[in-house]
Protein chains: 2
Amino acid sequence: MTRAGRRPGDSGTRDAILAAAKQAFGSKGYGATSVRAVARTAGVDPSLVLHFFGSKDGLFEAALELPLDPAAVVAGLLAGGVDGLGERVVRTFLGVWDATPGQGPMLAMLRSAVSHEDSAAMLRELLLRVILRPLALGAGADHPDLRAALLASQVVGLALTRYVLRFEPVASADADTLAPLLGPTLQRYLTGAL
Amino acid sequence: MTRAGRRPGDSGTRDAILAAAKQAFGSKGYGATSVRAVARTAGVDPSLVLHFFGSKDGLFEAALELPLDPAAVVAGLLAGGVDGLGERVVRTFLGVWDATPGQGPMLAMLRSAVSHEDSAAMLRELLLRVILRPLALGAGADHPDLRAALLASQVVGLALTRYVLRFEPVASADADTLAPLLGPTLQRYLTGAL
């Protein structure tokens, strides 16, 4: 591999790549950002970006600074089988969001996505391509793109009404109350006949 | 009735009241705004506010500058009976939003509600108290507050994913495609066992 000025062991190299990625994804969106351009901004060889982050997707997810690995969450949900998957999605979703005081970077991303097209594009990539489409595919469903968008409409709506608009009684209800109410909706979007 | 400086026939009196109402609802929210305070700001007797707008609710709805009367929409939906109500709600919702280029003041309200607590409070009043709770009550349902909040979670999520985040294929789908997909969700939130 060709080496640029920085080497894998360089202190701060990973951080420099990550800073360049955040800047690029944030200003140009996911689609228009390339590993090559991020590497150039960070002053490293593209292979070094892949060394640290594995792929453009890995770089994207690292730039989002999520509190957990979405691919692992999806795998964990699917490991429980298709029965009751909708309810488990609700419980997992609420578990992650409720565990973060103020809902942190996730809520910031949602708020930002409402007014900035770039943030909307990043949320679209994360929610649809990284989380919900693999979830629908893993559940063995047809029409994964349509199912992912339908799932997103309910999940984003739940996040907005519970954490931002604070519509009661949904805002204060616990997961045991909400899972059986919203679970069947997600289950139908995941595995029902469309 | 006691008369202040302005009289019902005064040109601009209605506009002055409406301007005072928009300012008050926008800055203090629905709950903290009184007909009396709006009348004082507009320099009129409170009875004149009621003369023009009927009630605090009527004043609130006028201040929102909605493209149609929400009570009439709710009554029209309920007039068709409970069967298929969920699908008709989806069609009506999409009909109103799609007919407004750029989704106009409705989308502005949604965007504003995400970052301003006052706008969130106004959206809460409009969506839950004026539209969705009466819809659930009219459908003969128990737990109207919970049903209204669940309905809101799907309706707001649909608005956000379709018009703001533009998640495909939901963003470009027509009402005939979306109504059978989302209708059963709204039907269950309206009339299903909770």
Side-chain angles (χ1 to χ4, degrees), chain A residues 90 107-117 119-129 132-133 143-173 177-178 180-182 184-189 192-194, chain B residues 90 107-117 119-129 132-133 143-173 177-178 180-182 184-189 192-194:
Chain A
V90 176
L107 192 54
M109 190 194 304
L110 182 56
R111 282 209 160 95
S112 177
V114 171
S115 36
H116 302 289
E117 172 51 34
S119 304
M122 286 178 73
L123 182 61
R124 199 152 52 218
E125 289 297 324
L126 170 67
L127 203 56
L128 296 187
R129 207 177 44 78
L132 297 175
R133 191 174 191 281
H143 304 296
D145 291 321
L146 176 58
R147 292 181 190 275
L150 291 170
L151 288 163
S153 76
Q154 178 63 87
V155 167
V156 167
L158 173 60
L160 202 70
T161 51
R162 180 174 171 88
Y163 301 110
V164 180
L165 303 174
R166 302 200 58 75
F167 286 173
E168 294 294 0
V170 164
S172 303
T177 303
L178 292 176
L181 294 171
L182 294 154
T185 298
L186 300 188
Q187 187 75 31
R188 194 171 68 84
Y189 293 162
L194 294 187
Chain B
V90 176
L107 192 54
M109 192 195 302
L110 181 57
R111 281 211 160 94
S112 177
V114 171
S115 37
H116 302 290
E117 171 51 34
S119 303
M122 286 178 72
L123 182 61
R124 200 153 51 220
E125 289 297 324
L126 170 66
L127 202 56
L128 297 186
R129 207 177 44 78
L132 298 175
R133 192 175 190 282
H143 305 294
D145 291 320
L146 176 58
R147 292 181 190 275
L150 290 171
L151 289 164
S153 77
Q154 179 62 85
V155 169
V156 167
L158 173 59
L160 203 69
T161 51
R162 181 174 170 89
Y163 301 110
V164 181
L165 303 174
R166 303 201 57 76
F167 285 174
E168 293 295 359
V170 164
S172 302
T177 303
L178 292 175
L181 294 171
L182 293 154
T185 298
L186 301 187
Q187 188 75 30
R188 194 171 68 83
Y189 294 161
L194 295 187

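Every chain is numbered from 1 and lettered A, B, ... according to where its sequence line falls, protein lines coming before strand lines.
Note: A:R111 CZ to B:R111 CZ = 15.0 Å, rounded to the nearest 0.5 Å. In this structure, CE on B:M109 lies 5.5 Å from CG on B:L126, to the nearest 0.5 angstrom. The CZ atom of B:R129 sits 9.5 Å away from the CZ atom of B:R133 when rounded to the nearest 0.5 Å.
Chosen from B:T177, B:T161, B:L178, the residue pairing most often with chain A at heavy-atom distances under 4.5 Å is B:T161. Per-residue counts of heavy-atom pairs under 4.5 Å with chain A were compared for B:L127, B:T185, B:L160; the largest is that of B:T185. Interface remark: of the candidates A:L123, A:L150, A:L181, A:L182, A:L181 forms the most heavy-atom pairs closer than 4.5 Å to chain B. Per-residue heavy-atom pair counts under 4.5 Å with chain A were compared for B:A149, B:A120, B:A152, B:A173, and the maximum is reached by B:A149. The choice from B:P180, B:G157, B:S153 that makes the most heavy-atom pairs within less than 4.5 Å of chain A is B:S153.
Salt bridge B:E117/B:R124: present, at least one basic N to carboxylate O contact under 4.0 Å.
Proximity to chain B (any heavy atom under 4.5 Å) is shown, for A:L194, by both the backbone and the side chain. In this structure, chain B has a heavy atom under 4.5 Å from the side chain of A:R188, while its backbone stays farther away. At a 4.5 Å heavy-atom cutoff, the contact between B:R166 and chain A is made by backbone and side-chain atoms alike.
Between B:L186 and B:V155 there is a side-chain heavy-atom pair separated by less than 4.5 Å. A heavy-atom distance below 4.5 Å is not found between the side chains of A:F167 and A:R162.
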